[in-house]
Amino acid sequence: MQLWEEGKIDLEADVTVYLLTGFFTKLKYDEPITMINLMNHNTGFEDIVFEMCAENESSILSLEEALKLTEPNQIYKPGMQRVIHMTLS
């Protein structure tokens with residue numbers, strides 16, 4: 001929000017304007033993904049679990065490698081709200 005307050009980002013702009021060309025490779029829909037979508041967790045991306053631990057320092061991936069390896073599939077249109085049903089016992 002600080003970047004928005006400083007006028008450095010537009011919350012409703014397509015985030016691809018801030019990323020390297022070709023950053024997203026698994027987009028299914030043409031609708032733009034905005035910072036608002038990211039903050040509301042409604043980008044349309046599937047949930048993904050990634051290794052949170054490393055056995056040693058040499059096995060830690062760079063941020064770029066980790067992002068490429070873990071890019072989720074886009075399975076919903078951006079802005080769609082998913083409904084999660086939970087049964088509590």
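Note that the structure is predicted; figures quoted are calculated from it, not measured.
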Using the rule that Ile, Leu, Val, Met, Phe, Trp and Tyr join whenever any side-chain heavy atoms are under 4.5 Å apart, tell me whether [X] and [Y] fall into a single cluster.
X: L63; Y: F23; answer: yes
X: L38; Y: I48; answer: no
X: V15; Y: M1; answer: yes

Exercise. Does NZ in K26 sit with more than 12 non-hydrogen atoms of other residues, nucleotides or ligands closer than 6.0 Å?
Worked result: yes
Problem set entry | Neighbour count above 12 (heavy atom, 6.0 Å) for E6 CD |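 For E6, atom CD is crowded (more than 12 foreign heavy atoms under 6.0 Å).
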Could you give the distance from [atom1] ([X]) to [atom2] ([Y]), rounded to the nearest 0.5 Å?
X: L11; Y: M39; atom1: CG; atom2: CE; answer: 4.5 Å
X: K77; Y: D30; atom1: NZ; atom2: CG; answer: 9.0 Å
X: M35; Y: T43; atom1: CE; atom2: OG1; answer: 11.5 Å
X: F45; Y: F24; atom1: CZ; atom2: CZ; answer: 4.0 Å
X: L27; Y: E71; atom1: CG; atom2: CD; answer: 7.0 Å

For the backbone of [Y] and the side chain of [X], can you confirm whether one donor and one acceptor N or O come within less than 3.5 Å of each other?
X: E12; Y: T34; value: no
X: E46; Y: N73; value: yes
X: Q74; Y: K28; value: yes

Specify the closest pair of heavy atoms between [X] and [Y], including all atoms of both residues, with the distance to one decimal.
X: D10; Y: Y18; result: N-OH, 2.9 Å
X: S59; Y: N56; result: OG-O, 2.8 Å
X: N37; Y: P32; result: OD1-O, 3.7 Å

